[in-house]
Number of protein chains: 2
Amino acid sequence: MRLTTKGRYAVTAMLDLAFHSQHAPVTLTDIATRQTISLSYLEQLFSRLRRADMVIGVRGPGGGYQLSKPVADINIADIIRAVDEQIDSTKCGGEANCQNHKACLTHDLWTGLSDQIHEYLSGISLGDLLARKPIQDVASRQDHDVQQMIEFRRDVIVRM
Amino acid sequence: MRLTTKGRYAVTAMLDLAFHSQHAPVTLTDIATRQTISLSYLEQLFSRLRRADMVIGVRGPGGGYQLSKPVADINIADIIRAVDEQIDSTKCGGEANCQNHKACLTHDLWTGLSDQIHEYLSGISLGDLLARKPIQDVASRQDHDVQQMIEFRRDVIVRM
DNA sequence: ACTTAACCTAGTAAATCAGTCAACTATAAA
DNA sequence: TTTATAGTTGACTGATTTACTAGGTTAAGT
């Protein structure tokens, strides 16, 4: 279990997707605009999320991404694990013989805590996050603030 | 709140220190041997831990490191925060003006979760970890396995 | 056909990780 | 009072990861 800005981007994007894809697919361009994340970087993250069966890509006009499961069935640990390289078992890759001939001692110490963190994050679903008032407020504010920007951009492009 | 192998090293080392420094200071050399962590890397980590007032360095022969507080008063979040660069508020460093003129929206989404993780890790003390049976077992096994190695190394050096 | 938007590949500057090397200072034991 | 111990500091390095850019191809709708 690793916790970096990469995972934060993924969780934020998934939260944005969950909030906006109730009726129709959401384009990465929209998410990138709302959350100020690089579009190409988002593409990379969603490539992993798609391969992990967390989202479904819909091609063509009117397309975008949708969640593949109900928000209650997608937890934070899964999202982070999907985009982060899985933390290799360091040194003793499963062999458990890095110190003398005994089982890999160093990592056993950390394992308990690491498992707990994972278990904790597994217990929080996208649905749980969505249900929180502060997040709803922020999302609504983003919609309001960014909607004009998105429409303006589309108008400009249409006119070109 | 970031979670990498760097933090894992720090927690593991602090756990080792807590387990062995009841009576006398523990040298980084011993910790490095037991936990198979680079000595010089440990020195860097403990330099930060010392500046964060989590450990006390005792110089000279018989010296080493000791915890500065009871194990119940040292929590995991503090350890990780001491060695990791604090995650900067990305883009809008406290200014809260990264999107339009409004408050920094993107990061607000993550803040709630990040705070929760921090709160969760704050609730686990070194004492809590020490009290766990599996960790005691592993630590005991390490003592048994590594003690000969340490003594052997000292004998060799004395003879040189 | 043309547009849309997902999908894919390769590359890159910057940051971080994990570690080395080499010096220095304070302290306790000889 | 040497001398060995052990902490302290800083500079430096290769490898990896991050975050991002550029440029394509493919599938689907109008």
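None of the values given here were measured: they were computed from a predicted structure. Sequence lines set the chain letters: A, B, ... in the order given, protein chains first and strands last, and positions in each chain run from 1.
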Mind checking side chain to side chain contact (heavy atoms under 4.5 Å, CB included) for [X] and listing every partner two or more places apart, or none if nothing turns up?
| X | result |
| --- | --- |
| A:S47 | A:R51 |
| B:Q44 | B:Y41 |
| B:E43 | B:L28, B:L39, B:S40 |
| A:E119 | none |

*Residue pair A:N75 / A:I79, side-chain heavy-atom distance below 4.5 Å*: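 Not touching, per the 4.5 Å side-chain cut-off.
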
Just how far, in rounded Å, is [atom2] of [N] from [atom1] of [X]?
| X | N | atom1 | atom2 | answer |
| --- | --- | --- | --- | --- |
| A:Y9 | D:dT18 | OH | P | 12 Å |
| B:R51 | D:dG10 | CZ | C1' | 11 Å |
| A:I37 | D:dC20 | CD1 | C1' | 12 Å |
| A:L3 | D:dT18 | CG | C1' | 15 Å |
| A:L49 | C:dC7 | CG | C1' | 14 Å |
| B:I56 | D:dT8 | CD1 | P | 11 Å |
| A:D84 | C:dC17 | CG | P | 13 Å |
| B:L28 | C:dT20 | CG | P | 14 Å |

*Which residues within residues 38-45 of chain B lie with some heavy atom under 4.0 Å of an atom in DNA chain D?*
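Here the set is B:E43, B:Q44.
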
Hey, can you pull the donor-acceptor pairs under 3.5 Å for the side chains in residues 56-74 of chain A, sequence neighbours left out?
from  : atom 1 : to    : atom 2 : distance (Å)
A:S68 : OG     : A:D53 : O      : 2.6
A:S68 : OG     : A:M54 : O      : 3.1

_Residues B:D128 and B:S125: side-chain donor-acceptor under 3.5 angstrom_ =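 Per modelled atom types, B:D128 and B:S125 side chains form a pair under 3.5 Å.
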
*Touch check for A:Y65, heavy atoms < 4.0 angstrom, all strands: base, sugar-phosphate only, or nothing?*
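Sugar-phosphate, no base atom in range.
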
_B:S38: partners by side-chain hydrogen bond (donor to acceptor under 3.5 Å, both in side chains), with sequence neighbours left out_ =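 Result, side-chain hydrogen bond (donor to acceptor under 3.5 Å, both in side chains) vs B:S38: none returned.
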
*Taking only residues two or more places apart in sequence, or in another chain, which ones meet B:R48 in a side-chain hydrogen bond (donor to acceptor under 3.5 Å, both in side chains)?*
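side-chain hydrogen bond (donor to acceptor under 3.5 Å, both in side chains) check on B:R48 returns B:E85.
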
Using a cut-off of strictly less than 4.0 Å, decide whether [X] has a side-chain nitrogen or oxygen near OP1 or OP2 of [N].
| X | N | value |
| --- | --- | --- |
| A:T29 | C:dA5 | no |
| A:R50 | C:dA6 | no |
| A:R48 | C:dC7 | no |

Under-3.5 Å N/O pairs linking protein and nucleotides 27-30 of chain C:
none

*Can you figure out which of D:dC20, C:dC17, C:dC8 approaches the side chain of B:R2 most closely?*
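Selected nucleotide (nearest to the side chain): C:dC17.
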
